Amino acid sequence: MEQPYVIFSDISADIPAAYAQENDIRFISMRYTLGEEDRVCAGIEEEEVLKRFYDGQRGGDLTRTSQISPQIYMDIFGPVLKEGTDILYLSLSSGLSSTYQSSCLAADQLGEKFPDREIVCVDSLAATGGMGLLLEAAVQNRREGMTISENGRWLEENRLRVCHWFMVEDLMYLKRGGRVSAATAMVGSALNIRPVLKIEEDGTLKNFSKARGTKRALHSLVEYYASASDKEPGERVYILHADSPENADYLVGKVKEINPQCSITKMMLSPIIGAHTGPGMCAVVHFGRR
């Protein structure tokens, strides 16, 4: 008889809180700072909390995040394994964080303590709403009777179908994270340049296009969606924004024009990713041809 298993992710994933609760998706919390304030993101944050976060960034508060240590995984996974339940864990891309490596180290140690239990750690090679799409798929796979190993294998075989197209308003946040050079950030800011970025097949971030001004950058996101999407009925699309609701609504409308039968989730970006992209960021995330 197949053992029951639960689905975990770290809180860098963006997915509707109600969906996560209804389907028992559990999260590993992550720490972040806003100015001098140290905070813990333990679940999907409410919009009021997120708005205060992005208002803080606009006011000059520096933001940082902390990595998840192997010990944190052991502390959270251990009691679940002790109850006799296996764990399927989906991590933030290894190209952006060390969470996957930490989870594997913890899984190895816990495997010695609980040899009859199974922990399957999957590197999403994705972020934010891309992880949301994969989590939705993992839930559906479990509902349809996939074993934990089959589900993990499906996620690994399909993770490169997730397309992330996004733009940022302030290049200085990418500069602090080492994503662009100081010179590029200064010149881009002076010329009102909006970089358009994607997540590569190795899970790293790539600045692959640029546009003069926000509207042109948003139009680029729509064009990339149109070229990469299969436009199937019921297609799931995530529109993420860092407290930029009008731009997000524009993207929703344009995506709906391209595929009227798609299903869109629009939500604000979590502070874990937003700490590195800054306010005003917008993204279109979907399954397609990356």
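Please read all numbers here as calculations on a predicted model, not as lab measurements.
- The side-chain heavy atoms of Leu218 and Val222, taken from C-beta on, include no pair separated by under 4.5 Å.
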Verdict with supporting geometry, Asp10 and Ser91, side chain to side chain contact (heavy atoms under 4.5 Å, CB included): CA-CA 6 Å; Asp10 48 78; Ser91 80; 3.9 Å; yes
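- Atom CD of Gln21 is surrounded by 12 or fewer heavy atoms from other residues, nucleotides or ligands within 6.0 Å.
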Side chain to side chain contact (heavy atoms under 4.5 Å, CB included) for Asp243 and Phe53? Distances and angles first, verdict last. CA-CA 9 Å; Asp243 195 26; Phe53 174 81; over 6 Å; no
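- Atoms CD and CD, on Glu235 and Gln261 in that order, are 10.5 Å from each other to the nearest 0.5 Å.
- Between Met167 and Ser220 the shortest side-chain heavy-atom distance does not fall below 4.5 Å.
- Between Pro271 and Glu45, the shortest heavy-atom distance links the atoms CD-CG, 4.2 Å.
- Proximity of Ile28 to Tyr73: side-chain heavy atoms (C-beta onward) are separated by under 4.5 Å at one or more points.
- Shown here is Lys231, whose NZ atom has more than 12 heavy atoms of other residues, nucleotides or ligands within 6.0 Å.
- If you chain together hydrophobic residues whose side chains sit under 4.5 Å apart, Phe8 and Leu125 never meet in one group.
- More than 12 non-hydrogen atoms from other residues, nucleotides or ligands lie less than 6.0 angstrom from CZ of Arg236.
- Under the 4.5 Å side-chain criterion, counting only non-hydrogen atoms from C-beta, Leu90 is not in contact with Ile7.
- The distance from atom OG of Ser69 to atom CE of Met74, rounded to the nearest 0.5 Å, is 10.0 Å.
- Smallest separation of non-hydrogen atoms from Glu150 and Gly145: OE1-O, 4.3 Å.
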Check against side chain to side chain contact (heavy atoms under 4.5 Å, CB included), Thr85 and Arg117: CA-CA 7 Å; Thr85 304; Arg117 297 273 61 81; 5.9 Å; no
Side-chain donor-acceptor pairs under 3.5 Å in residues 99-111, sequence neighbours left out?
from: Ser102; atom 1: OG; to: Ile68; atom 2: O; distance (Å): 2.9
from: Ser102; atom 1: OG; to: Ser98; atom 2: O; distance (Å): 3.3
from: Ser103; atom 1: OG; to: Tyr100; atom 2: O; distance (Å): 2.7

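- Using a 4.5 Å heavy-atom cutoff, the side chains of Leu133 and Tyr238 are in contact.
- The minimum heavy-atom distance linking Ile15 with Leu135 is given by the pair CD1-CB, 4.0 Å.
- In terms of hydrophobic clustering, with Ile, Leu, Val, Met, Phe, Trp and Tyr side chains grouped at heavy-atom distances under 4.5 Å, Phe166 and Tyr54 are assigned to a common cluster.
- Below 30°, between 30° and 60°, or above 60°: for Trp165 and His286 the angle between ring planes is between 30° and 60°, a tilted geometry.
- Under the 3.5 Å distance criterion, the side-chain polar atoms of Asp202 are matched with a main-chain donor or acceptor of Thr204.
- Linking ILVMFWY side-chain heavy atoms closer than 4.5 Å, directly or via other members, places Val285 and Leu160 in two distinct hydrophobic clusters.
- To the nearest 0.5 angstrom, Met30 atom CE is 6.5 Å from Leu92 atom CG.
- Between Arg58 and Asp55 there is a salt bridge, since at least one side-chain N of the basic residue sits less than 4.0 Å from a carboxylate O of the acidic one.
- Taking every heavy atom of both residues into account, Ser244 and His241 meet most closely at N-ND1, 2.9 Å.
- Of all heavy-atom pairs between Ala13 and Ile44, the closest is O-CD1, 4.0 Å.
- Considering CD1 of Ile273 and CE of Met131, their distance stands at 7.5 Å, rounded to 0.5 Å.
- Residues Glu200 and Lys198 are paired through a salt bridge, judged by an N-O separation under 4.0 Å between the basic side chain and the carboxylate.
- Defined by atom type and a distance below 3.5 Å, a donor-acceptor pair is missing between the side-chain atoms of Glu118 and Ser149.
- With values rounded to the nearest 0.5 angstrom, Leu197 atom CG is found 10.0 Å from Thr277 atom OG1.
- Looking only at side-chain heavy atoms (C-beta outward), Phe114 and Lys82 come within less than 4.5 Å of each other.
- Remark: Trp154 CH2 to Gln140 CD distance equals 10.0 Å, nearest 0.5 Å.
- At most 12 non-hydrogen atoms from other residues, nucleotides or ligands lie less than 6.0 angstrom from NZ of Lys113.
- Under 3.5 Å, the side chains of Gln67 and Ser97 contain a donor-acceptor pair of N or O atoms.
- Side-chain contact between Asn151 and Tyr5: present, with at least one pair of heavy atoms (C-beta onward) separated by less than 4.5 Å.
- Transitive grouping of hydrophobic side chains (ILVMFWY, heavy atoms separated by less than 4.5 Å) brings Ile258 and Ile239 into a common cluster.
- Nearest heavy atom pair, residue Ala20 against residue Phe27, reads CB-CE1, 3.8 Å.
- The backbone N or O of Ala275 lies less than 3.5 Å from a partner atom in the side chain of Thr63, making a donor-acceptor pair.
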Passes side chain to side chain contact (heavy atoms under 4.5 Å, CB included), Phe287 versus Val162? Steps please. CA-CA 4 Å; Phe287 281 111; Val162 179; 3.5 Å; yes
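- Inter-residue side-chain proximity for Ile199 and Leu205 is flagged as met; some heavy-atom pair is nearer than 4.5 Å.
- Inspection of the Arg159 and Ser124 side chains reveals no N or O donor paired with an N or O acceptor under 3.5 Å.
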